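Presented below is the structure to which this report refers.
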Protein chains: 2
Amino acid sequence: MRSDLNDLTIGAGPRKTRSTRRGDRLKIAEAFSLRDLPLFASVDEETLSALALEAKVETCESGTTIFRQGDPIASIVAVIKGYVKLLRIAPGGDETLIAIRANGETIVDPVMGPEETCGVSAETIGPATIIKVPAARFARLARESAGLGAAVALDATRRIAALVSEIEALKSQNADLRLAHFILSLCPPGEEQCRFRLPYDKRLIAALLGVKQETLSRAFAKLREHGVRTETRDIVVDSVARLVVQCEHLGRATPLPERTGRLTRDDAA
Amino acid sequence: MRSDLNDLTIGAGPRKTRSTRRGDRLKIAEAFSLRDLPLFASVDEETLSALALEAKVETCESGTTIFRQGDPIASIVAVIKGYVKLLRIAPGGDETLIAIRANGETIVDPVMGPEETCGVSAETIGPATIIKVPAARFARLARESAGLGAAVALDATRRIAALVSEIEALKSQNADLRLAHFILSLCPPGEEQCRFRLPYDKRLIAALLGVKQETLSRAFAKLREHGVRTETRDIVVDSVARLVVQCEHLGRATPLPERTGRLTRDDAA
DNA sequence: CGCCGGGTTGATTTCAGTCAAGCAACGTGG
DNA sequence: CCACGTTGCTTGACTGAAATCAACCCGGCG
């Protein structure tokens, strides 16, 4: 929650190339530009400068609550570094994970609109760096600058598309298939064989996919037969193409396509 | 799909009170204003007039496809009368219901953004009347008028909130509980005892809740013990308050709170 | 060393999907 | 008017998926 403003430079223009990293063991001064956030990619320079004046960067330790469901919307927040989970808390008290934000993603879930409150709570997973712009200031600029308004609308469109996909997945895919798609979404594009580290622990992945961790563990075990190995926190995918094909079989039962022929040897089971 | 433009007057201003309903058996001429759509509630007169010039009203018979998933976005569509279902079609061919739009709701799911395509297909349930504005024209106006851009953003915010709620429900509630909430959402506010007609058939409700119709039928049967009776298409709720209370018991097992002990016994750990 | 937290695995229960039959409500055509 | 098929809804018996309960493993770390 501490605000280390002095360590960062917020700009509006293209990222400055002056990189003052000199291996000193104090925090490395780093230039950060609002332009780096996808949300602001197409916003005019002037508006961005105005926003930059109001922006505050904060470094948060693990488990910091950024805002709470039901709070009035104080700031527009984006994640610069680390991960932030968004969750909903039912009256009964149990929490439901809605999404995890990373990279340069914005948490404008509650975007604007007068007197709106936060629909979710936001909490950091691991240490994270975030940037905040006061909501009132943001809303005013959005009303004045059509470009910013359009950018917000576009951002919202993307977010809606993602949510729609998630609803489709929850309604029509079983746990194994959802996991397979999740793995595929993590594979670096263009590589047929790959190895990477899971971005967060399996409990969170389970919550993201809407299953219990035991179920996730079993789903991983099932994928092991299809060329997806797990080494504690690392994932090795033998063949992305093969996994894509297997997705169709994971979905509907069809346990045995039964192509009897001597072709592929691993469906003999 | 036929366009009965001549039967309708599209305006931008407040709804004209001249009501030409005279019981003739030809279609009743009716004035319709864009202002009636919540999306445009706060948009300035001038922009609205420009939109109205481009708007086209269409009456559709049941089962009309308005647009298809993957199509380029040709128009912004709103529902004036009747219901429109939005669904996703997987490569395999099976359809997943995403949402149902009614009243004056907009189907701007794919709002704007250059070269975007429709994320869902839209199809009328029963006969419906819709209004269309060419997407290019709409996008240009949205870019020029900050008010319209803000309105779109606000609309998107509402939609996101609804989607988030649906994801929460799918992840954390069982079929009975989801149905109970759905019923409650249909109860006219303020009334303790009520009776109303389901807006569409039970197959659609099942799909909306993410269950099979057989499961929905059993869920209705279970609610019968809690003061919710179904008479074919009508619903009678004996006590809204009681239903709200029952929701807590429907969620988690806890069939018997059993407070027998003199202390709460679960904090002994 | 012992004690976690995160992860796996197994046994069992609960929930929802599947398959199948039956029924009530219509609309149509004889 | 009734026989008829259709469509929407319900019910039952069964299967399968995922949650639950519980034990255990294993890699830090005080």
Side-chain angles (χ1 to χ4, degrees), chain A residues 62-63 85 92 94-97 125-126 169-180 182 197-225 228-235 249-256, chain B residues 62-63 83 85 94-97 125-126 169-180 182-183 197-225 228-236 249-256 266 269:
Chain A
S62 184
K85 65 179 177 184
D94 38 57
E95 306 179 346
T96 305
L97 184 65
I125 308 165
L170 287 170
K171 279 187 178 178
S172 70
Q173 302 173 356
N174 63 19
D176 301 334
L177 190 49
R178 293 206 295 276
L179 175 59
F182 178 74
R197 179 157 295 234
L198 291 173
Y200 19 77
D201 70 48
K202 292 190 179 153
R203 186 163 312 188
L204 275 172
I205 293 173
L208 203 54
L209 300 178
V211 298
K212 297 285 132 171
Q213 55 177 348
E214 296 96 320
T215 303
L216 178 70
S217 187
R218 290 181 236 271
F220 265 120
K222 205 170 292 180
L223 286 188
R224 212 160 289 143
E225 307 160 9
V228 178
R229 256 140 338 107
T230 67
E231 298 170 7
T232 36
R233 186 115 174 206
D234 289 306
I235 300 290
H249 302 294
L250 287 171
R252 283 292 123 242
T254 326
L256 299 177
Chain B
S62 182
Y83 297 93
K85 64 179 175 184
D94 38 57
E95 306 178 345
T96 305
L97 184 66
I125 307 165
L170 287 170
K171 280 186 176 177
S172 69
Q173 302 173 355
N174 63 16
D176 301 333
L177 190 50
R178 293 206 295 276
L179 174 59
F182 177 75
I183 299 287
R197 178 157 296 232
L198 292 172
Y200 19 77
D201 69 48
K202 291 188 180 157
R203 186 163 313 187
L204 275 171
I205 294 173
L208 202 54
L209 300 179
V211 298
K212 298 285 134 171
Q213 57 178 346
E214 296 96 320
T215 303
L216 177 70
S217 187
R218 289 181 236 270
F220 265 119
K222 204 168 293 178
L223 287 188
R224 212 161 289 143
E225 307 161 8
V228 178
R229 260 145 328 113
T230 68
E231 298 171 6
T232 37
R233 186 117 173 203
D234 289 306
I235 300 290
V236 181
H249 301 294
L250 287 171
R252 284 291 121 243
T254 326
L256 299 176
D266 57 342

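Everything quoted here is computed from the prediction, not taken from an experiment. Below, all heavy atoms of this structure are taken into account, side chains as well, without hydrogens, waters or symmetry copies. Letters A, B, ... mirror the listed sequences (proteins, then strands); counts begin at 1.
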Whole-Å distance separating the [atom1] atom of [X] from the [atom2] atom of [N]:
X	N	atom1	atom2	answer
A:N174	C:dA16	CG	C1'	13 Å
B:E231	C:dA24	CD	C1'	14 Å
A:R233	C:dG6	CZ	P	10 Å
B:L170	D:dA17	CG	P	20 Å

Open item on the list: For B:Y83 and B:Y200, take the angle between the two ring planes, folded into 0 to 90°, and tell me which bin it lands in: parallel under 30, tilted 30 to 60, perpendicular over 60.
Closed with: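 Perpendicular: the ring planes of B:Y83 and B:Y200 meet at over 60°.
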Could you work out which one of [options] sits closest to the side chain of [X]?
X	options	result
A:K212	C:dG17, D:dC9, D:dA19	D:dA19
B:T215	D:dC9, C:dG7, C:dG17	C:dG17
A:D201	C:dG17, D:dA18, C:dG7	C:dG7

Open item on the list: Check this for me: does the side-chain of A:R218 come within 3.5 Å of the base of C:dG10 through a donor and an acceptor?
Closed with: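 Check passes, donor-acceptor contact within cut-off.
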- [ ] Check if the side chain of B:R224 and the base of D:dT11 share a donor-acceptor pair of N or O atoms closer than 3.5 Å.
- [x]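 Answer is no: no donor-acceptor pair is held.
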Open item on the list: Let me spell it out: for each of A:L216 and A:T232, pick the nucleotide of DNA chain D with the closest heavy atom. Which residue's pick is nearer the 5' end?
Closed with: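 The answer here is A:L216.
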Task: Most 5' of A:R178 and B:T230 on DNA chain D, judged by nearest nucleotide - done: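 Nearest-nucleotide comparison on DNA chain D picks B:T230.
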- [ ] Heavy atoms only: give me the nearest B:L250-B:N174 pair and the separation to one decimal.
- [x]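 Residues B:L250 and B:N174, closest heavy atoms: O-ND2, 3.1 Å.
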TODO: Using heavy atoms to find the nearest nucleotide of DNA chain C for A:L204 and B:E214 separately, return the residue whose nucleotide is more 5′.
DONE: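 This one resolves to A:L204.
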